[in-house]
Amino acid sequence: MIVVTPTREQQLAIDCAGSMVAIARPGSGKTYVLSEKIKHILDGLPHYRGVIAISYTKKASAELKRRASVGIADVKASFFGTIDRFACGEIVLPFLSHIWGRPQNEVAIHLIKELPDEEKEAWAWLKENQLSLADLVGHISQVKRHYEAGVIFLETVCALSLYLLEQSEACRRYIVTRYSHVIIDEYQDSGLEQHQLFLELNELGLIAIAVGDADQSIFQFADKSAIHLLSLRTVKGFNEFSITLNHRCHASIVDYSLKFLKDDYVPGDGSEIRVFSKKCAGGLDKLVEWISGSISAVRFDYDVEKLCHIGILVKSNATLAEVGSLLKLPHRVIYTHKLEDAQNPWARLFCELLSYRFSGGTTIQEILEMAHPLVQRSQIKLARLKIVTLRTQTDSDLFSSMEAVAEILLPGHTNKKTVKLLEESKMADLERAFSAPSDGELQVMTIHKAKGSEFDVVFHLDLYDWVLPGKSKRGGFLHYTGLEQDTHLHYVGITRAKKALFLCLQETRLTPWGSIEPAVESEFLGKEGLPELRVDSPY
Amino acid sequence: MRISKVRIIGYRNFSSALINFEEKTLILGANDVGKTNLLRAIRLLLDNSISDAELEPRESDFHIEADGKQADKIQIVVKLSDIKEDSVIAKLKGWISNDGSTYVRYIATRADLEYTLEIGHSPKDLEQIPSRHYLRHIHFKYVESTRKIDEYIQREKRYLLKLAKQNRGEAEIGSDTLKESEIQVTLNVANKKINELAYVSEAAGAVNDELKKISHHHAGYKVGLEAQSLNFSDFVSRLRLGAKAGDRSIDLGGDGRNNQILVGLWKAKSEIEHEVGTEAIIYCIEEPEAHLHPHQQRKLAAYLVGELKGQVIVSTHSAHIASKFSPDGVIRLHERNGSSLAASGGCAKCVDAAWNAMGYRMSVIPAEAFFADAVLLVEGPSEVLFYRQLAEQLNLDLDYWNISVIPVDGVDFDVFIKILNALEISWVLRTDNDVAKVPWSKPAKYRFVGLHRALALAGSKKTYVDQDAEVSPGMLSATRAQDEVALAEKGVYISKRDLENDLGELCSAQFIEFSGGDDLPDAINYLQAKKALRMGEFLGQYASSLASLKDDYIARPLRHAIELASARRATAPTK
């Protein structure tokens, strides 16, 4: 969404000089506001000072960085990335040796998640995203022991940062000298550690800015919750702002989304309704057939330039796979390859190499910059030559070449698990995961994956009972698996659509245990006032 | 930020040396003792103007011991303390300790002539780094002694122009651009006019005539002399730094003034280039006294101390600079066993304490002592005149041996000795054997003031009980003789009575003749009436008679001083 002149509510948020918490609704131009704010701040800072800009994903950080750099001299002193990378790179790795000395082996970041079960037990006390400083301090000797053996667990880095800020004057001095602001996006998904770190940085004198939307909190399964965002309203010194105007979606879609969330919402008088419901006779295959059949008409009517501007959104991975196999039109199923989840240097390098190989989204220079600083120039040259060959290599040689490149650029960080993961991957899967979606492909993804994106037209599937909202039977009683979360999920799904939204249902569905059942319409669709805000699909 | 400690192992002159630096530090030392090498060691780590290629060690960089063995490894560690500059703190991240220090280390191996660089917050926690990126906000401004002043100035003029251009306001840029085009127009006019000069346009007349005869092809073709189009930027590039005295343009000054200009330019440029306060600047200048006469040297020293904001390191051969510089640290490099060391184990502050004790007495005369290999401390000007003349008559070349004869002139010898010890400069002293009456004592008691002084300076606790009789010359010499040998061993020489009396005894005939008096006591009185003046006159007339004093006790301090100085030159350890 390109907004050239800010709206009043956007301008207020941009102008606020102190700490703040901003509630940003979908389509409200949040990234615009953040990038303008950052530009504004950087303008008044000397070149060696910057801001800490935390985003939820690498992609979001890169986007924010790109937009904040437009027309601006230098963002080099600023940090754009995830909270874990910040904690590791700016606090833990530089300063932990101040209090615990330097271990014999070079320190490497590992995941407790990836430990064998017997070892995981020792870490049972650690509740990820709910780890307080006090908990960490209670087990500090265990953490120290591992550090002395060269191991730091990623799940501890935020709390460790808090610990270091407390213990090391040099650390505090560095952070305060280098950074003027800490900005955290998607605060509704903040874990406890991040929240404590955010408040601590504020205490140290950094201006703190939190941006989020409690209604879009969809990661509760990972113990993330909006309570921290909401608690900021009561912290002294924090100004509250709301950026609510939805620029993205058509007015009728906005009305629908807000009415869905709040019973007492009074919709506008708009004429045209762009929210459609469609019930298909038969199962998912009939639905997919219908979608394929209506696409060209929909494209024409809503002036959709490219197929990739149309999204098919589902809740579960199972539906995702099914739709992918049924859809005859050119499409791209977006899912994350396991390599992208792995958190070690070799895995990251492999991802960039694959991105280079399949999508050209990464340049050779960007890959070479991932090298360990002490690698000789001559070795870098060798690596460059090898990387160039990747594009033309026959698939079977690809893996060994990639490993060779990793050996040169990141010696000593060999990760056998990651190598195994790579070698066992199917080439087709890798190509699917790492090539850029082309303009001529429909996009198919889970609502979780769709977060932050937008489409001209959305086909929202999985809208039946038991799935959305999720339900399960326990002891004879029916109960919701996560009503609030699913509400947010549906809300996110709705607000991805700019021009038209199709709420799709089938008559029958396939249950997880293979039987065919009638698909009951989701209760979300029957909420009071909603049916009036939509019409039957004319297609 | 400042350099606080430097450790050098196996590099050039240095086998193993530890040197401390303060905010304003003076480096003293004989030629070739390694002052420039000390600075070079620091510059490898801190001076960006030294390229990466120059960091590579050569065989000759590895120290060679007195026994001929060559070091296999070079290690240079510099500790930077009091880091307050924000840009440096932001850049060096975890490499700065809680108390604001960082260590940088250079290690080179002779086997493969490779080197590594490391940095960290503690000597035990150093991380290897590929290059000296940490120097981004640290600027080591160095002016070497062999500077070509003219070249430097002409080079920097370009910089001055560039800077001035950048600092113009919009209005000024506008009017300058206008002027530039006006100037070009004028140049074009000049061009044209030159070409119109009769002797220019016809210069090639004869040639053209011949060309026509050679070939008809040349009918329409004419050669001629033309002024090359004069260009505005040519003029600017030929601008030379000049000077004005009032309204008159004069040639840029002689070397001395050029030196001053250089220093001024150097400082102005560095302050403009780097934001004082956010960037760290360390100034280092070798021999700032070059070509300057004494007053200007002192003025320059005061300028360096007062105007440069940041650590200042000065190495010098000038007593004027040394006396005026007000350092909080003095480093004297000297040689021992074929390797160079800093005096007082490199504790610049220790020297500073003694230096401060000199206080107002510090001037160029005592400051000369700091450059000596051995010092003969005497009571006053008469003694200085005497001993210098005596040395000449005995063919003892004091300057050759770097020996200074310094008068303490009423000040405690103690003050001088403290500073000489701190600088590890050998000394001998000659003091008078004076006696003082204990006030209001009846019967009169006397203290052997001179003797006690001498004994204290020699480190002895021995004292003489007050006498209760008139102190006769005999008594003086008897008591004195008891300690003469022990004192001499420590370099403390005490006169029999005082200079005039002692010399008079040895040259009585010459004294009487010179004074025109009847006997020796008269002559002695005559000389003592106007001490240095009459001694000077006496020495002028009777210098040759001093040659006979060759083996006398009075000449022993000189010989002792020479022994000490020559021991310094040899490789054997000294006292």
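Quick note: numbers below take in every heavy atom, side chains included, and nothing from hydrogens, waters or symmetry partners.
- The local environment of NZ in B:Lys73 is sparse, with at most 12 non-hydrogen atoms from other residues, nucleotides or ligands closer than 6.0 Å.
- Ranking B:Asn98, B:Leu92, B:Ile96 against chain A, the residue ahead of the rest is B:Asn98, based on heavy-atom pairs under 4.5 Å.
- Contact of B:Ile129 with chain A is made through the backbone alone, with heavy-atom distances under 4.5 Å.
- More than 12 non-hydrogen atoms from other residues, nucleotides or ligands lie less than 6.0 angstrom from CD of B:Glu180.
- Taking CZ of A:Arg49 as the reference point, atom OG1 of B:Thr278 lies at 12.0 Å (rounded to 0.5 Å).
- Interface residues of residues 168-175 of chain A toward chain B, defined by a heavy-atom distance below 4.5 Å and sorted by number: A:Ser168, A:Glu169, A:Ala170, A:Arg173, A:Tyr174.
- Note that OG1 of B:Thr116 is 9.5 Å distant from CG of A:Leu374, once rounded to the nearest 0.5 Å.
- To the nearest 0.5 Å, atom CZ of residue A:Arg102 and atom CD of residue B:Glu127 are 4.5 Å apart.
- Nearest heavy atoms, B:His137 versus A:Tyr48: NE2-CB, 4.5 Å.
- At most 12 heavy atoms of other shown residues, nucleotides or ligands fall within 6.0 angstrom of atom CZ in A:Arg85.
- Smallest separation of non-hydrogen atoms from B:His121 and A:Ser97: NE2-OG, 3.8 Å.
- Checking side-chain atoms of B:Lys124 against main-chain N and O of A:Gly101 turns up no donor-acceptor pair under 3.5 Å.
- In plain terms, the two heavy atoms of B:Gly94 and A:His98 that are nearest each other are O-NE2, 2.5 Å.
- Residues of residues 76-91 of chain B lying under 4.5 angstrom from chain A, judged on non-hydrogen atoms, are B:Asp86, B:Ser87, B:Ile89, B:Ala90 by number.
- No more than 12 heavy atoms of other residues, nucleotides or ligands sit less than 6.0 Å from atom CD of A:Gln104.
- For B:His133, the NE2 atom counts as loosely surrounded, since its 6.0 Å shell holds 12 or fewer non-hydrogen atoms of other residues, nucleotides or ligands.
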